[in-house]
Protein chains: 2
Amino acid sequence: MSDCLFCKIFKKEISSRIVYEDNEIMAFEDINPQAPVHLLIIPAKHIESINDIKEEDKELIGKMFLIAKKIAKEKGLSESGYRTIFNTGKDAGQAVFHIHLHLLGGRKMSWPPG
Amino acid sequence: MSDCLFCKIFKKEISSRIVYEDNEIMAFEDINPQAPVHLLIIPAKHIESINDIKEEDKELIGKMFLIAKKIAKEKGLSESGYRTIFNTGKDAGQAVFHIHLHLLGGRKMSWPPG
């Protein structure tokens, strides 16, 4: 998707503060952080939202959480805790239609979650 | 885990308002809903938190999101939107140490997510 912001970030056509990357998944700092640690974890594959995931994407979605776990550990959040969020569609405030997992930690999170 | 609330719910030793079930995954209504639709999606497998997921759990985690997508569609949330959340540990307010995916929809969700 040539006009997708997160495709461009994955391809490094747009710069970001990268904290993890492999051939399938990248993690980078949210430019409008809502917690001391606020990262976005994205796949290279352009999937618009959770509404659009398919059977074949199961492992990829699961891998995004393995990466979240790994980054949380590196950032010292494993013990204190962290919240991971996918927003889907308008009511959830999804801003970019390329799936991205928000990882927030480093402060006490309240409930409800927005 | 004989003393785990969500293991007992999966085995129907404790009743819940079930909205989906198969041999691996169940979804039921949160008893303290924070949105018009607020469901919990759990695996049968006892995994304490996202800190404890392993390579072998990738497909299971991915399947939880396929179920979330399916339920969101059935509940009429696909178009309006919904938020999906895993809380891990104390800062995130994780209350039961058996992974559960919160699915919230039916209202506008604010940002930050708690």
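If you're wondering where the values come from, they're calculated on a predicted model, not measured in any experiment. First the proteins, then the strands, lettered A, B, ... as listed; each starts at 1.
To the nearest 0.5 Å, the span separating CZ on F10(B) from CZ on F28(B) amounts to 10.5 Å. If you take CD1 on I25(B) and CE on M64(B), they are separated by 6.0 Å, rounding to the nearest 0.5 Å. Rounded to the nearest 0.5 angstrom, I99(B) CD1 and I42(B) CD1 are separated by 9.5 Å.
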>> If you apply the rule side-chain contact (heavy atoms from CB on, under 4.5 Å), what do you find for I71(A) with L39(A), and how did you get there?
In response: CA-CA 9 Å; I71(A) 296 171; L39(A) 306 173; 3.3 Å; yes

> Given the rule in the side-chain contact (heavy atoms from CB on, under 4.5 Å) test, do M26(B) and I9(B) qualify, once you have shown the distances and angles that lead to the verdict?
Replying inline: CA-CA 9 Å; M26(B) 176 187 278; I9(B) 283 180; 3.9 Å; yes

Table up the donor-acceptor pairs between chain B and chain A that sit under 3.5 Å, atom names plus distance.
residue, atom, partner, partner atom, Å
N51(B), OD1, Y82(A), OH, 2.8
N51(B), ND2, S78(A), O, 2.8
I53(B), O, K69(A), NZ, 2.7
K69(B), NZ, I53(A), O, 2.7
S78(B), O, N51(A), ND2, 2.8
S80(B), O, D91(A), N, 2.7
Y82(B), N, T88(A), O, 2.8
Y82(B), O, T88(A), N, 2.9
Y82(B), OH, N51(A), OD1, 2.8
R83(B), NE, N87(A), OD1, 2.6
R83(B), NH1, P113(A), O, 2.8
R83(B), NH2, N87(A), OD1, 3.4
R83(B), NH2, A92(A), O, 2.8
T84(B), N, F86(A), O, 3.1
T84(B), O, F86(A), N, 3.0
T84(B), OG1, F86(A), O, 3.2
F86(B), N, T84(A), O, 3.0
F86(B), O, T84(A), N, 3.0
F86(B), O, T84(A), OG1, 3.2
N87(B), OD1, R83(A), NE, 2.6
N87(B), OD1, R83(A), NH2, 3.4
T88(B), N, Y82(A), O, 2.9
T88(B), O, Y82(A), N, 2.8
K90(B), O, K108(A), NZ, 3.0
D91(B), N, S80(A), O, 2.7
D91(B), O, M109(A), N, 2.7
A92(B), O, R83(A), NH2, 2.8
R107(B), NH1, G114(A), O, 3.2
R107(B), NH2, G114(A), O, 2.8
K108(B), NZ, K90(A), O, 3.0
M109(B), N, D91(A), O, 2.7
P113(B), O, R83(A), NH1, 2.8
G114(B), O, R107(A), NH1, 3.2
G114(B), O, R107(A), NH2, 2.8

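For L77(B), no part sits under 4.5 Å from any heavy atom of chain A, backbone or side chain. Using a 4.5 Å cut-off between heavy atoms, L60(A) makes no contact with chain B at all.
In this structure, I31(A) stands alone, with no Ile, Leu, Val, Met, Phe, Trp or Tyr side-chain heavy atom under 4.5 Å from its own, directly or through other members.
The ring of F97(B) has its center no closer than 6.0 angstrom to the ring center of F6(B).
For the set L101(A), L66(A), I61(A), the entry with the most heavy-atom pairs within less than 4.5 Å of chain B is L66(A). Of the listed residues (P113(A), G62(A), G81(A), G89(A)), the one with the most heavy-atom contacts under 4.5 Å to chain B is P113(A).
Taking both residues in full, the closest heavy atoms of G106(B) and P36(B) are given as O-CG, 3.3 Å, listed atom of the first, atom of the second, then distance.
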